[in-house]
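In this text, all values refer to a predicted model and were calculated from it rather than measured experimentally. Remember, it's 1-based here, ligands and their atoms both numbered in the order they're listed.
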Amino acid sequence: MAQIGTDIDAARAFLEAGQVVGIPTETVYGLAANALDPDAVLTIFQVKNRPAFDPLIVHTDSLDKAATLVTYFPDAARHLAEAFWPGPLTLLLPKHDRIPDLVTSGLSTVAVRVPNHPLTLSLLRSLTFPLAAPSANPFGYISPTTAQHVADQLGDRVPYILDGGPAQVGLESTIIGFDNDVPTVFRLGGMAVEQIERVIGPVQVRTHSTSNPQAPGMLSSHYAPRKPLTLLKPGQQPDLGELIGGLVFQKLLPGIPAERQRILSPSGDMTEAAKNLFAYLRALDTLDVVRLYAELLPNVGLGRAINDRLRRAAA
Ligand code: TXA
Ligand code: MG
């Protein structure tokens with residue numbers, strides 16, 4: 001079973017030996033390995049049971065280091081990095097030859113980000129290589145927001161999980177690319193589109209559900225609990241004829257016992273809702289019910305990313 005702890009030196013030793021380690025970030029926990037070592041990267045795919053066509057994000061601790069992983073850093077990307085790194089934003093940029101093809105699934109771009117977590121930033125500073133890391137969940141399941149979530153599902157397959165407490169953002173990073181210098185969001189996430197637009201002006205959003213894996217992280221079914229999940233528009237009522245659980249935004253649904261419901265944010269705070277989303281979905285998934293219902297949020301700010309995750313979880 002994985003050891004869970006806060007020992008950066010232990011984590012570093014495993015990573016230097018080519019092994020995979022669970023790491024905390026502000027978004028979700030990652031399953032990290034040396035991004036420059038194809039054998040270590042292959043282990044990530046095996047541990048996660050991830051198809052090789054789904055590329056990984058490369059994590060580093062500074063904009064300067066990120067710049068050594070790519071061949072071109074458009075101005076818009078640089079402005080975003082300066083404004084939001086460390087933070088929940090991933091940039092797709094033309095890949096340097098140093099990055100193994102396995103990391104990018106053969107694509108000509110590499111996804112890079114500087115995560116905002118003190119433990120992981122210290123770890124990255126102490127390493128001579130960047131870390132490739134997908135979310136630390138079995139492929140297709142809900143992303144982990146605590147070290148225990150990682151241990152519950154992958155504990156028998158990794159030697160060490162660095163425990164940085166519950167993830168503060170709770171949604172994966174927003175992914176943005178710059179093909180032909182047109183900023184395009186490919187995955188909604190912890191950085192709201194409105195915030196991005198305040199820095200670089202209007203961006204395209206292209207996150208349509210698809211079964212075509214070329215579109216980044218946009219498989220139509222993903223982030224899914226094991227129980228069937230049905231979405232409710234605001235104000236819509238569930239079918240009370242079966243034993244159900246509910247994930248609601250601000251207040252309990254009538255007709256379902258409180259212990260079978262989770263409230264994302266009683267005060268209607270999207271940031272709080274995002275932080276609770278995955279942990280609550282996991283908790284509901286363990287209940288003795290036949291179906292889960294989840295209420296959609298207003299489609300603004302982080303609500304847009306939360307609704308995106310709920311739609312995929314329900315697909
Ligand atoms: O917040 C996050 O981004 C977390 C933490 C651990 O950093 N990581 C994460 O990784 O969510 P993952 O692997 O679960 O999702 C990364 C997504 C994948 O869906 C992948 O398709 C996309 O990023 N991606 C990675 N490299 C890409 C590339 N070169 N072009 C297009 N999409 C890419
Ligand atoms: Mg993932």
Side-chain angles (χ1 to χ4, degrees), residues 20-33 35 41 44-45 47-61 69-70 84-96 99-117 120-121 123-124 130-145 147 149-150 153-154 161-162 164 167-179 184-191 206-207 209-210 212-224 274 278 305 308-309 312-313:
V20 297
V21 166
I23 59 162
T25 84
E26 82 282 32
T27 59
V28 300
Y29 273 69
L31 191 64
V41 172
I44 296 178
F45 283 92
V47 166
K48 223 187 120 105
N49 204 6
R50 180 180 179 109
F53 59 68
D54 199 0
L56 306 178
I57 296 175
V58 178
H59 300 72
T60 185
D61 60 276
L69 307 173
V70 307
F84 298 128
W85 280 358
L89 183 70
T90 293
L91 306 176
L92 297 179
L93 298 172
K95 134 189 189 326
H96 194 284
I99 306 290
D101 288 327
L102 185 58
V103 170
T104 62
S105 304
L107 297 175
S108 61
T109 54
V110 60
V112 289
R113 103 172 173 101
V114 177
N116 189 15
H117 192 288
T120 292
L121 283 171
L123 174 65
L124 285 164
L131 292 174
S135 52
N137 49 283
F139 185 70
Y141 192 69
I142 305 165
S143 296
T145 53
H149 292 161
V150 182
Q153 293 189 303
L154 301 174
I161 301 164
L162 195 58
Q168 292 301 301
V169 173
L171 289 174
E172 297 84 352
S173 58
T174 300
I175 300 181
I176 186 165
F178 305 88
D179 280 354
T184 306
V185 169
F186 290 102
R187 179 174 74 179
L188 298 166
M191 177 68 58
R206 210 187 306 156
T207 61
S209 293
T210 175
N212 169 14
Q214 268 295 87
M218 289 301 137
L219 291 169
S220 50
S221 169
H222 215 64
Y223 315 103
F278 288 147
D308 171 272
R309 297 303 184 274
R312 285 175 218 283

Please name the pair of heavy atoms, one in [X] and one in [Y], separated by the smallest distance, quoted to 0.1 Å.
{"X": "Pro134", "Y": "Lys48", "value": "CG-CD, 3.5 Å"}
{"X": "Leu31", "Y": "Ala136", "value": "N-CB, 3.8 Å"}
{"X": "Pro115", "Y": "His59", "value": "CG-CD2, 4.0 Å"}
{"X": "Leu92", "Y": "Phe178", "value": "O-CD1, 3.7 Å"}
{"X": "Ala305", "Y": "Leu171", "value": "CB-CD1, 3.7 Å"}
{"X": "Phe139", "Y": "Asn49", "value": "CB-O, 3.3 Å"}

For ligand 1, which atoms sit closer than 4.0 Å to a heavy atom of [X]?
{"X": "Ile175", "answer": "17 (C), 22 (C), 23 (O)"}
{"X": "Ile57", "answer": "3 (O), 8 (N), 9 (C), 10 (O), 16 (C)"}
{"X": "His59", "answer": "5 (C), 6 (C), 7 (O)"}
{"X": "Ser173", "answer": "1 (O), 2 (C), 3 (O)"}
{"X": "Thr109", "answer": "28 (C), 29 (N), 30 (N)"}

How many angstroms lie between [atom1] in [X] and [atom2] in [Y], if you round to the nearest 0.5 Å?
{"X": "Leu188", "Y": "Asp308", "atom1": "CG", "atom2": "CG", "answer": "5.0 Å"}
{"X": "Trp85", "Y": "Leu91", "atom1": "CH2", "atom2": "CG", "answer": "4.0 Å"}
{"X": "Asn116", "Y": "Phe84", "atom1": "CG", "atom2": "CZ", "answer": "12.5 Å"}
{"X": "Thr174", "Y": "Met191", "atom1": "OG1", "atom2": "CE", "answer": "6.5 Å"}

Self-check item: Pick from Gly177, Ser135, Gly170: the one approaching atom 8 (N) of ligand 1 most closely through a non-hydrogen atom
Solution: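 Of the listed residues, Ser135 has the closest heavy atom.
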Quiz item: When you measure from atom 27 (C) of ligand 1 to each heavy atom in Pro144, Pro55, Ser105, which option holds the nearest one?
Solution: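 Among Pro144, Pro55, Ser105, the closest heavy atom to atom 27 (C) of ligand 1 comes from Pro55.
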Any nitrogen or oxygen of [X] lying under 3.5 Å from a nitrogen or oxygen in ligand 1? Just yes or no.
{"X": "Arg187", "value": "yes"}
{"X": "Thr27", "value": "yes"}
{"X": "Arg113", "value": "yes"}
{"X": "Glu172", "value": "no"}
{"X": "Asp54", "value": "yes"}

Quiz item: Is Thr104 near ligand 1, meaning one of its heavy atoms is under 4.0 Å from it?
Solution: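 The answer is no: ligand 1 sits nowhere under 4.0 Å from a heavy atom of Thr104.
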Quiz item: Within less than 4.0 angstrom of ligand 1, does Arg50 place any heavy atom?
Solution: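 Yes.
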Quiz prompt | CA sep, side-chain torsions, deciding dist, call: Leu123, His117, side chain to side chain contact (heavy atoms under 4.5 Å, CB included) | solution = CA-CA 10 Å; Leu123 174 65; His117 192 288; over 6 Å; no
Quiz prompt | Donor on one side chain, acceptor on other, Thr27 and Arg113, under 3.5 Å | solution =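 Yes - a donor-acceptor pair under 3.5 Å links their side chains.
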Quiz item: Do the side-chain N and O atoms of Glu172 and Ser143 include a donor-acceptor pair separated by under 3.5 angstrom?
Solution: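 Ser143 and Glu172 do have a side-chain donor-acceptor pair below 3.5 Å.
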Exercise. For the Mg ion (ligand 2), check which protein N, O or S atoms are under 2.8 Å away and list them.
Key: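 Under 2.8 Å from the Mg ion (ligand 2) - ignoring waters, which are not counted - the protein N, O or S atoms are Ser135 OG.
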Quiz item: Is ligand 1 under 4.0 Å from a heavy atom in the side chain of Ile23, in the backbone, in both, or in neither?
Solution: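 Neither part.
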